[in-house]
Amino acid sequence: MADNNSPDTLSVAVLGTGIMGAAMARNLARAGLDVRAWNRTRARAEPLAADGVRIADTPAEAVDGADVVLTMLLDGDAVLDAVRQAAPALPAGALWLQMSTVGDEALDPLARFADDHGLRFVDAPVLGTKAPAEKGELTILAAGAPEVRERAERVFGIVGSRTQWVGEDGASGAASRLKLVVNNWVMTLITGTGETMALAKGLGVDPREVLAAVAGGALDVPYLRMKSELILSGEYPASFTVSAARKDTRLITEAAHRAGVRVDLAQAAAERFRRAEAQGHGGEDGAAAYFASFDD
């Protein structure tokens, strides 16, 4: 483990310690980086202290003196609110790794904020949920200037297993647009699995027979099995919540509308997540959109 007092040790402020942010902060601290963390609900951040993370009461306290600011919050509004609170203590020239899924439109005010405060901005949403985050196996989709990539990779190499650079300007939105497109496929898999399992129940078909029928073939994908197992167990520990999925499908459908693209499946997925959330499943794993197939 690196010496936290070494001048070569990066100081990283993590703003947002939900499912993903907490795993990132923990892995960074275990790798020997100097990590401070802030979360709107402090109690969610406090367990990280056992891994050597310093818990801050405010975003400003977290970023004071940091080399790198990492944001992992629900949406663009939450990210902008956090960095505005941090503004008085943001060090000029600090590297800002914006790793939340905020969509392309919400990225503009974030990039302007970075420019106004002298921050080096990298748009870097991630692919992966709770388990990959805990293992440091996320895929990072990144856009940022070549001269900041080495420093960014010191963080990305700890929280992820692969970084895909897709642009040289974080403000371009290239990474965030790619994330929306990939997430559209993710939502298709989640909602398709739930609806298929619900149809099996309605038709009196053993869902295990469904999985056996596609086993090993082109129709057999890991996500089908992962989400089916949650549905079959009746337990939905969240790795990517229904509420977060509803937010992401909203970002997808809004971006598609601006681009003049019809996304019928995404709109249907958004409605399924909305119904499941209304039924009280918002904090459960996205597989709980299964319940949207039934009236109660």
Side-chain angles (χ1 to χ4, degrees), residues 10-18 20-21 24-25 28 33-38 56 58-128 138-160 162-183 248 251 255:
L10 279 182
S11 176
V12 182
V14 178
L15 304 184
T17 59
M20 304 293 284
M24 290 177 169
L28 291 169
L33 275 64
D34 174 28
V35 182
R36 312 92 170 274
W38 168 84
T58 66
E61 181 184 339
V63 305
D64 189 15
D67 302 304
V68 178
V69 177
L70 189 163
T71 46
M72 180 51 75
L73 293 148
L74 177 63
D75 55 24
D77 289 341
V79 173
L80 189 57
D81 180 61
V83 292
R84 281 174 172 166
Q85 291 184 56
L90 281 169
L95 180 63
W96 178 9
L97 306 178
Q98 202 310 100
M99 304 185 76
S100 319
T101 300
V102 301
D104 56 340
E105 193 167 56
L107 193 70
D108 290 340
L110 302 181
R112 287 197 301 271
F113 180 95
D115 189 54
D116 290 344
H117 291 80
L119 304 175
R120 308 304 305 271
F121 184 72
V122 177
D123 178 27
V126 302
L127 299 179
L138 296 168
T139 294
I140 296 102
L141 309 176
E147 61 267 25
V148 305
R149 292 186 180 184
E150 183 178 354
R151 186 161 36 141
E153 289 280 10
R154 291 179 63 184
V155 174
F156 293 161
I158 295 169
V159 303
R162 184 169 70 92
T163 300
Q164 183 174 337
W165 289 97
V166 297
E168 296 187 354
D169 181 6
S172 70
S176 281
R177 290 194 298 275
L178 175 58
K179 176 63 190 295
L180 291 183
V181 174
V182 175
N183 262 19
D248 282 5
L251 294 177

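In this chain, numbering begins with 1 at the start of the sequence shown.
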Revision key, fill the gap. Taken in chain and number order and not counting sequence neighbours, the residues that satisfy side chain to side chain donor-acceptor pair (under 3.5 Å) with Arg84 are none
Check your understanding: Is there side-chain contact between Val83 and His117, with heavy atoms separated by less than 4.5 Å?
Key -> no
Practice item. Decide yes or no for Asn183 and Leu251: does some side-chain heavy atom of the first lie under 4.5 Å from some side-chain heavy atom of the second? Key: no
Review point. Looking at Ala111 and Ala171, what are the two nearest heavy atoms and their distance?
Key: CB-CB, 3.6 Å
Point to revise | From CG (Leu110) to CG (Asp115), nearest 0.5 Å | key: 12.5 Å
Point to revise | For the student: nearest non-hydrogen atoms of Trp38 and Ala56, plus distance | key: CD1-O, 3.7 Å
Study note, to complete from the structure: On a heavy-atom basis, the closest approach of Gly21 and Met72 is N-CG, 3.6 Å
Exercise for review: For the residue pair Gln85 and Leu15, establish whether any side-chain heavy-atom pair is separated by less than 4.5 Å.
Suggested key: no
Exercise for review: Measure across Pro59 and Ala82 and return the closest heavy-atom pair with its distance rounded to 0.1 Å.
Suggested key: CB-O, 3.4 Å
Check your understanding: What is the minimum heavy-atom distance between Arg120 and Ala145, and which atoms define it?
Key -> NH2-CB, 4.0 Å
**Study point:** Closest heavy-atom pair and its distance - Ala37, Thr17
**Key:** CB-CG2, 3.8 Å
Review point. Any Lys/Arg nitrogen of Arg36 or Glu61 sitting under 4.0 Å from an Asp/Glu carboxylate oxygen of the other?
Key: no
Review point. Got a donor-acceptor contact below 3.5 angstrom from the Lys179 side chain to the Val126 backbone?
Key: yes
**Study point:** Parallel, tilted or perpendicular, as decided by the 30° and 60° cut-offs, for the rings of Trp96 and Phe113
**Key:** perpendicular
Practice item. Take Met20 and Met99 through the test side-chain contact (heavy atoms from CB on, under 4.5 Å) and record every step on the way to the result. Key: CA-CA 10 Å; Met20 304 293 284; Met99 304 185 76; over 6 Å; no
Practice item. Give me the one residue out of Leu138, Ile140, Thr139, Leu127 that meets side-chain contact (heavy atoms from CB on, under 4.5 Å) with Arg162. Key: Thr139
**Study point:** Sub-4.5 Å side-chain heavy-atom contact between Leu119 and Val69
**Key:** no
Point to revise | Spacing of Met24 atom CE and Leu97 atom CG [to the nearest 0.5 Å] | key: 9.5 Å
Review point. For atom CD of Glu147, is the number of surrounding heavy atoms from other residues, nucleotides or ligands below 6.0 Å larger than 12?
Key: yes
Check your understanding: Testing Ser176, Ser172, Ser100 for side-chain hydrogen bond (donor to acceptor under 3.5 Å, both in side chains) with Asp123, which one passes?
Key -> Ser176
Practice item. Please step through side-chain contact (heavy atoms from CB on, under 4.5 Å) for the pair Asp75 and Val102, ending with a clear verdict. Key: CA-CA 5 Å; Asp75 55 24; Val102 301; 5.5 Å; no
Exercise for review: Begin from the C-alpha positions of Asp67 and Leu95 and carry the test side-chain contact (heavy atoms from CB on, under 4.5 Å) through to its verdict.
Suggested key: CA-CA 6 Å; Asp67 302 304; Leu95 180 63; over 6 Å; no
Point to revise | Evaluation steps, side-chain contact (heavy atoms from CB on, under 4.5 Å), between Trp165 and Val122 | key: CA-CA 10 Å; Trp165 289 97; Val122 177; 4.1 Å; yes
